[in-house]
Structures are given as structure tokens and as C-alpha cells.
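Before any comments, here is the structure.
Per chain, numbering begins at 1; letters A, B, ... match sequence-line order.
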Amino acid sequence: DSHKHKDKYKDKEHKHKDHKKDKEREKSKYSNRYDVTVIHAYGRHIGADSSSSDLFGDMVQITNALVLALCTAVLVACVGMLVYILPSLCFFIPFRWEEERYTDGVKWKFLEHKGPVFAPPYEPLPSNVKFYYDGKYMKLSPGAEEVATFFAKMLDHEYTTKDVFRKNFFKDWRKEMTSEEKSKLTDLNKCDFSEMSEYFKAQSEARKAMTKEEKLKIKMENERILQEYGFCVMDNHKERIANFRIEPPGLFRGRGDHPKMGMLKRRIRPEDIIINCSKDSKHPKPPPGTKWKEVRHDNKVTWLVSWTENIQGSIKYIMLNPSSRIKGEKDWQKYEMARRLKKCVDRIRAQYREDWKSKEMRIRQRAVALYFIDKLALRAGNEKEEGETADTVGCCSLRVEHLTLHQEMDGQEYVVEFDFLGKDSIRYYNKVPVEKRVFKNLQLFMEDKEPEDDLFDRLNTSILNKHLQELMDGLTAKVFRTYNASITLQQQLNELTTSEDNVPAKILSYNRANRAVAILCNHQRAPPKTFEKSMQNLQTKIDAKKEQLADAKRELKSAKADAKVRRDEKSKKAVESKKKAVQRIEEQLMKLEVQATDREENKQIALGTSKLNYLDPRISVAWCKKLGVPIEKIYNKTQREKFAWAIDMAEKDYEF
DNA sequence: TCCAATACTTAGGACTACAGCA
DNA sequence: TGCTGTAGTCCTAAGTATTGGA
């Protein structure tokens with residue numbers, strides 16, 4: 001098995017002629033045999049028993065049994081035999097690794113890393129870049145100047161014109177000023193940052209215009225930092241760290257109408273940092289002359305570094321990359337949980353439908369909310385502190401004002417019109433015909449309430465999740481999103497694809513299936529700024545290709561006529577080559593048209609989020625294997641790394 | 001039971017390198 | 001070879017869920 005992997009990785013290396021970086025990464029991964037073999041080990045097991053709900057547990061038992069049996073056999077057999085069996089014993093080493101499935105929330109036994117990379121220190125502006133107040137030049141103190149540059153860098157953004165942004169910024173900026181500056185600078189509108197802004201624009205231009213050598217030098221330096229700080233050792237695995245760079249200071253820009261937009265996000269110093277690593281590891285050193293806030297050894301959490309951010313007072317963490325064992329296993333468990341829901345979802349649906357009739361209001365509310373979460377893939381909707389964040393809601397926190405009930409609409413009965421801002425202030429707008437009973441319940445919930453009152457006043461996420469926990473062990477509201485997303489992908493793929501299609505058509509179908517999920521989960525994006533233009537360009541290309549095809553057909557026709565008269569080998573060959581040309585152009589045209597359709601349909605829909613977080617990757621892997629689509633067409637390199645476990649374990653007959 | 005703290009997943013947008021084209 | 005559009009990557013905000021203590 002290990003050899004098979006070796007070959008696979010070698011192949012990859014040949015294909016990726018590019019960049020030392022990639023090769024280095026592959027190599028470092030490969031040099032650690034456990035990274036490769038362990039993933040394979042659980043892959044094998046899944047294949048053997050995919051129906052088991054507690055695979056890790058089973059694996060441990062089976063492995064234990066196997067090892068025990070082997071040991072007994074070895075004892076009974078003569079000593080000479082031992083040497084003979086030894087290689088096969090080695091085969092179990094990776095399994096034994098997996099045996100270390102920790103209990104009681106223990107996440108690791110050994111953790112060593114180099115700590116975070118801090119943001120580069122502030123570089124004062126050159127003296128010719130000036131700041132003006134009320135038309136007069138004014139030299140700022142370094143502290144005030146730094147914060148001023150944050151604002152100057154954002155000048156082109158619309159939000160620097162917003163009142164809230166300006167007010168928050170000015171308030172925090174003043175805190176960084178000397179008392180003299182504070183007394184002079186009293187009106188943001190009189191501040192002129194334009195020279196600073198120009199300076200930064202010029203810098204970014206200069207960066208773009210750098211020579212190849214200069215760019216390479218920067219790249220090399222980044223690579224060096226990555227090699228030094230970008231990896232850690234967790235239980236004998238060398239693992240990639242996700243965000244080993246500390247967030248640089250700047251102005252906070254929340255999403256949507258955020259009351260804290262424009263506030264100063266302060267610089268993080270070593271004194272703010274908590275390091276988490278194992279006692280027996282080489283502890284990371286703070287920069288010379290500084291100290292960490294704390295070094296702790298908590299192996300019940302997965303983070304390596306944490307600090308408290310000053311805007312919301314929340315904790316930020318440095319954690320491992322999605323390709324790591326600890327994240328991969330969790331991801332796998334997430335999909336296994338969703339598959340368990342698949343087995344009992346009918347029962348749960350019957351239950352909540354029954355609950356629509358309950359005598360108790362709280363149960364009716366719970367049942368209707370769950371229906372929305374299931375049918376519409378809404379998020380749970382935790383309570384939020386008012387005034388601290390943008391006003392967004394999920395299912396449990398819906399307010400009366402977010403729904404409009406229509407007895408009849410567009411020829412359909414009992415239509416509920418949803419209109420609210422969800423996570424990241426993305427608008428959810430949907431008109432949904434519901435069952436009469438749900439409709440009547442909603443009327444009841446909305447009776448005698450103000451628009452700003454909670455729709456489900458007897459419900460919150462913790463009540464809902466407690467109930468779900470009783471219906472199925474480990475079930476929470478978000479599992480429904482995962483389940484419905486994955487099952488939709490599987491159904492859509494079955495419906496849309498046929499083995500007769502060519503690869504581009506299959507990929508179009510895959511994207512359509514992916515799109516169905518993205519629509520269900522309301523994953524939107526702002527249309528790319530260049531969308532219209534690029535669409536036009538594509539259309540021009542299509543038109544040109546059509547003309548080219550017409551020409552080629554004409555040429556074919558005349559070649560055929562020519563061949564009919566001449567009846568020699570040469571003209572026959574000419575016909576053949578013209579035929580091929582027509583075929584080739586037809587294929588090219590079709591490819592372009594597919595591309596256009598795909599792009600148009602994708603204008604406002606983001607596929608990435610569902611692909612990365614909601615779709616069981618084994619469905620996609622199996623689909624690729626079954627239909628002969630190379631996995632590289634569906635997953636890019638990073639995605640393949642994240643889903644290595646799935647690529648390894650799913651066969652073509654995998655079913656979610 | 002409630003609330004705050006904590007840990008972890010999910011999310012869209014900005015930036016950038018590079019593929020593909022003329 | 002130079003240009004441009006976009007895929008891939010980075011960044012960090014904003015959710016969900018659990019826990020532990022009052």
C-alpha cells in the first residue's frame with residue numbers, strides 16, 4: 001500500500017513540473033510515512049464496513065483483535081517463524097496509530113510548533129508624503145500617522161464615506177494622538193489624506209512592476225517563513241498550519257451594517273499571545289526582549305496560539321490546515337453524522353408533522369422551526385447581542401417582520417414570503433408554498449405581535465438542539481444543512497449525468513448539481529466586476545467560432561465535390577482532413593457554449609462554500625470514478641489535499 | 001436556567017499569480 | 001511576448017454549539 005502511494009505521489013510530481021514549493025511540500029508530506037499510510041488505513045476500513053456508525057471505534061476493536069490474535073500465534077509458533085512474520089506485523093503499525101483514538105476530549109499527546117509570525121512593524125512615511133489639516137501641512141506623531149495610513153489606504157472604498165465608519169474611526173484615531181494633535185485635529189472632514197493615498201497606490205504599482213528576480217526573492221523569503229513557521233508536529237505527523245500569521249493592525253470592516261465598522265483593530269504583541277503546546281516539546285521563543293502572555297499545555301483543544309481581539313473581545317486562534325489529520329477526521333465525522341440522519345430523517349419528519357398539532361405552543365413552534373430548517377436549509381439562528389453586530393437572523397431568531405403570509409399567491413395556496421438578512425448580511429428572499437397546517441400555525445405565532453417581535457418566542461437554539469439530541473444522538477440543527485446539501489448533490493448527479501456525455505458536458509452537469517445545492521443554502525456572491533465584459537468577450541469568441549465552422553463546412557463540401565471528380569488518393573485525404581477540421585471546430589464551439597451557459601448561471605452564485613463545507617466529498621469522488629472524469633476537473637490541488645481521505649476511501653459505488 | 005466564555009466551522013471578498021490568448 | 005481575465009489563495013468576519021459557573 002505504501003508503495004502504491006509512493007508511485008501516486010511520484011506521478012503527481014511529474015505532472016507538476018512547476019515550482020519547487022509544491023515539490024517541497026509533497027516531499028515533506030511524503031517523507032512522513034504516517035501522513036500517507038494512516039489516511040489509507042482508515043480508507044481501507046471504511047471500504048470494508050461503510051454502514052458502521054462508529055467506524056473509529058470499530059477499527060480499534062478489530063485492530064486490537066487482530067493484533068492479539070497475531071501475538072498469540074507468534075507465541076505458539078517457533079522463534080524462527082517470528083522473523084518471517086515480522087514484515088506483516090509492520091503492516092499493522094499504521095492501524096496501531098489510529099488506535100490512539102483519544103478519550104475524554106484529548107486531542108493530542110504531543111504538539112510542537114514555532115509560534116506565530118507577527119505583522120511587520122510600522123514603517124513611517126517618507127518626509128515628502130504629507131498630511132494636511134484644514135489645508136495646512138501637519139507632521140503627525142508616529143502613532144497617529146500609522147492609524148492615519150489605515151484610513152488613507154481605504155479611501156477608495158465606499159464605506160469610508162459612511163457616517164458610522166467615520167465616527168468610529170475618528171474616535172479611535174484620537175486615542176492614538178498626542179494631546180497636541182488631539183486639540184488641533186477636531187474634524188475628520190478637514191483631514192486631507194490624499195498624498196498618503198497616492199503614495200500607497202504608487203507603491204502597489206511599483207510592486208506590480210518589479211522584475212522577475214525581485215519577485216522571486218520575495219517568493220523565496222515567503223517560502224522560507226512557511227517552512228519555518230508554517231508547520232507543526234502533532235503526534236508524529238508533520239502538519240500544515242492554517243493561519244500562522246498574526247492579523248495585522250488596521251480598521252475593522254464588519255459585513256453589512258456593522259455598528260463597529262471603522263474601529264481600530266490594534267496591533268497584537270507577544271504579550272497578548274497564549275501559546276499552547278505540549279510540556280515535553282521545544283517551546284516557541286518570543287521575539288527578543290518580549291514575553292508571551294502565557295504558555296499552556298491544554299491537549300483538550302486543537303489550537304496552537306490564541307489572543308483576544310479588541311473589537312468584539314472574542315478569542316482568535318491559530319489552528320491546523322484542513323489537510324491535517326485532526327481536521328480531516330472531524331470532517332469525516334461530520335458527514336458520517338449526516339449519513340446517520342439520512343437513516344432516521346423520515347421518522348423525524350413524521351414526528352415534527354405530528355407536533356404541528358400539539359396542544360403546547362412551544363412544541364408547535366419547535367416543530368415549525370424544524371420544518372424550515374429541514375425544508376429550506378436555514379441556519380439555527382443563535383441569539384446575538386443587540387448593537388454589537390449587524391442585525392442578522394437565522395431560523396430561531398426570525399422576527400415577525402421577516403415573513404409575509406399569502407393565503408394565495410401566483411396561483412398557489414399558503415405561500416410564505418421570507419425576506420431577511422442572514423449570515424454575513426446576505427439577503428434571504430424566498431417564496432415558499434407550505435402546508436396548510438404550517439400556515440395556520442404561523443398565523444397563530446404572529447397574532448398580536450409587533451413586527452420586531454420574535455416569531456418563535458418560545459424557542460431558541462439550545463431548546464431546539466436539546467430536542468434534536470433526543471431524536472438522534474449527536475444531532476444538531478446544522479446537521480440538516482449538511483444532510484440536505486449532500487443528498488441533493490447525489491440526487492442531482494444521478495438525474496443530470498449520463499455516461500454517454502463527454503467530459504465537458506459531465507462537468508457542466510456537475511456544476512449544475514453543485515449549483516442546486518448552493519441555491520438551497522443561499523450561497524451568494526457579488527457578481528464579478530468584470531462579468532458583463534467577460535461575457536461579451538466570450539460571445540464574440542462564440543460568434544467567431546461559428547463563422548469558422550461555417551467556413552470549414554464549406555471547405556469540406558467543396559473538397560468532397562473535388563474528390564468525386566478526381567477520384568484520387570490525394571483528394572480523398574483532403575476530405576478526411578477537412579472532416580476532422582469540422583469536427584474539431586464543432587467541439588471547440590460546444591466547449592465555448594458550455595462555458596458561457598455555466599458562467600451565466602453562476603453569475604450570483606458561489607459554488608465554493610458548499611463544495612468545501614457541505615458536500616460529502618465521497619459523492620464527488622465516486623461520481624468521478626464511475627463516469628471516468630479526472631478528479632482534477634472537480635477539485636483543485638488544495639481541495640484534493642483537504643479531501644485526501646475521501647479520494648482514498650470512496651469507490652465508484654459509494655452511496656451517501 | 002441563564003449567560004458568558006470558549007472552541008470550532010462556515011463564509012464572502014480582496015488580492016495575486018498565472019493560464020490562455022492575440 | 002505582453003496583456004488580461006480568472007482561478008486559486010489568503011484573510012478574517014460571522015456563524016454554531018458546548019461548557020461551566022452563578
Atom pair distance, as rounded to whole Å: [atom1] in [X] and [atom2] in [N]:
| X | N | atom1 | atom2 | value |
| --- | --- | --- | --- | --- |
| A/Tyr428 | C/dA14 | OH | P | 22 Å |
| A/Ile315 | C/dT12 | CD1 | P | 18 Å |
| A/Glu641 | C/dG8 | CD | P | 13 Å |
| A/Phe480 | C/dT16 | CZ | C1' | 15 Å |
| A/Leu612 | B/dA11 | CG | C1' | 10 Å |
| A/Tyr317 | B/dA5 | OH | P | 12 Å |
| A/Trp332 | B/dC8 | CH2 | P | 20 Å |
| A/Lys611 | B/dA11 | NZ | P | 16 Å |

Discussion item. Expected output is a numbered-order residue list: members of residues 302-313 of chain A with a heavy atom under 4.0 Å from any atom of DNA chain C. What is it?
Written reply: A/Gln312
Worksheet item: Which of residues 465-479 of chain A sit near DNA chain C, with a heavy atom under 4.0 Å from it?
Response: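 Those residues are A/Asn465, A/Thr476, A/Ala477, A/Lys478.
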Worksheet item: Applying ring-ring contact (aromatic ring centres under 6.0 Å, His included), which residue pairs with at least one partner in residues 463-487 of chain A are found, sequence neighbours left out?
Response: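 Every pair satisfying ring-ring contact (aromatic ring centres under 6.0 Å, His included) with a residue in residues 463-487 of chain A: there are none.
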Kindly write out the residues that satisfy ring-ring contact (aromatic ring centres under 6.0 Å, His included) with [X], not counting sequence neighbours, or none if the list is empty.
| X | result |
| --- | --- |
| A/Tyr335 | none |
| A/Phe418 | A/Phe372 |
| A/Phe193 | A/Phe131, A/Phe151, A/Trp173 |
| A/Trp303 | A/Tyr317 |

Give one of base, sugar-phosphate or nothing for [X], where a contact means two heavy atoms less than 4.0 Å apart.
| X | value |
| --- | --- |
| A/Lys265 | sugar-phosphate |
| A/Pro322 | nothing |
| A/Thr392 | sugar-phosphate |

Discussion item. Filter on salt bridge (charged side-chain N to carboxylate O under 4.0 Å, His left out), then keep only pairs touching residues 457-469 of chain A, sequence neighbours left out; what's left?
Written reply: A/Lys449-A/Asp457
Practice prompt. Could you name each residue pair satisfying salt bridge (charged side-chain N to carboxylate O under 4.0 Å, His left out) that touches residues 508-517 of chain A, not counting sequence neighbours?
Written response: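 Residue pairs with at least one partner in residues 508-517 of chain A: A/Arg512-A/Glu601, A/Arg515-A/Asp598, A/Arg515-A/Glu601.
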Hey, are [Y] and [X] close enough side-chain-wise for a donor-acceptor pair under 3.5 Å?
| X | Y | result |
| --- | --- | --- |
| A/Gln227 | A/Glu223 | yes |
| A/Asn299 | A/Ser278 | no |
| A/Ser620 | A/Tyr510 | yes |

Is there a side-chain contact between [X] and the phosphate of [N], meaning an N or O under 4.0 Å from OP1 or OP2?
| X | N | result |
| --- | --- | --- |
| A/Tyr614 | B/dA11 | yes |
| A/Thr609 | B/dG12 | yes |
| A/His523 | B/dA11 | yes |
| A/Lys327 | B/dT9 | yes |
| A/Lys316 | B/dC8 | no |
| A/Lys107 | B/dA7 | no |
| A/Ser462 | C/dT18 | no |
| A/Arg481 | C/dA17 | no |

Fill in: DNA chain B contacts made by residues 375-390 of chain A, counting heavy atoms under 4.0 Å
A/Arg379
Worksheet item: Is a side-chain donor or acceptor of A/Thr488 paired with a backbone partner of A/Val517 at a separation under 3.5 angstrom?
Response: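 Not at all, since once roles are kept as given, no pair shorter than 3.5 Å links the two residues.
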Worksheet item: Within the distance-only criterion (no hydrogens, no angle test), does the side chain of A/Asp235 pair as donor or acceptor with the backbone N or O of A/Phe110 below 3.5 angstrom?
Response: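 Flag set: sc A/Asp235 to bb A/Phe110 pair under 3.5 Å.
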Discussion item. Any heavy-atom pair between the side chains of A/Lys637 and A/Arg640 that's under 4.5 Å?
Written reply: yes
Check nucleotides 13-15 of chain B against the protein and report each pair of N or O atoms closer than 3.5 Å, with its distance, or say if there are none.
| unit_1 | atom_1 | unit_2 | atom_2 | d |
| --- | --- | --- | --- | --- |
| B/dG13 | OP2 | A/Ala526 | N | 3.2 |

Discussion item. Quick check: closest heavy atoms across A/Leu111 and A/Asn276, and the distance to 0.1 Å?
Written reply: CD2-O, 3.6 Å
Worksheet entry | Whichever of A/Lys423 and A/Arg245 has its nearest DNA chain C nucleotide further upstream toward 5' |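 This one resolves to A/Arg245.
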Item to complete: Could you tell me whether A/Arg207 and A/Glu214 have a side-chain N and a carboxylate O separated by less than 4.0 Å?
Response: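 Salt bridge between A/Arg207 and A/Glu214, a charged N being under 4.0 Å from a carboxylate O: no.
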Worksheet item: Pick the nucleotide of DNA chain B nearest each of A/Lys215 and A/Asn613; which residue has the one closer to the 5' end?
Response: A/Asn613
Practice prompt. Nearest-nucleotide wise, let me know which of A/Lys208 and A/Lys330 is further upstream toward the 5' end of DNA chain B.
Written response: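 The residue whose closest nucleotide sits nearer the 5' end is A/Lys330.
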Just distance, no hydrogens or angles: give the donor-acceptor pairs under 3.5 Å from side chains in residues 244-263 of chain A, sequence neighbours left out.
| unit_1 | atom_1 | unit_2 | atom_2 | d |
| --- | --- | --- | --- | --- |
| A/Glu247 | OE1 | A/Lys265 | NZ | 3.0 |
| A/Glu247 | OE1 | A/Lys316 | NZ | 3.2 |
| A/Glu247 | OE2 | A/Lys316 | NZ | 3.3 |
| A/Arg253 | NH1 | A/Gly256 | O | 3.4 |
| A/Arg255 | NH1 | A/Asp424 | OD1 | 2.8 |
| A/His258 | ND1 | A/Lys260 | N | 3.0 |
| A/His258 | NE2 | A/Gln312 | NE2 | 3.3 |
| A/Lys260 | NZ | A/Ile311 | O | 3.0 |
| A/Lys260 | NZ | A/Glu388 | OE1 | 2.9 |

Worksheet item: Given B/dA11, B/dT9, C/dT9, which nucleotide is nearest the side-chain atoms of A/Thr638?
Response: C/dT9
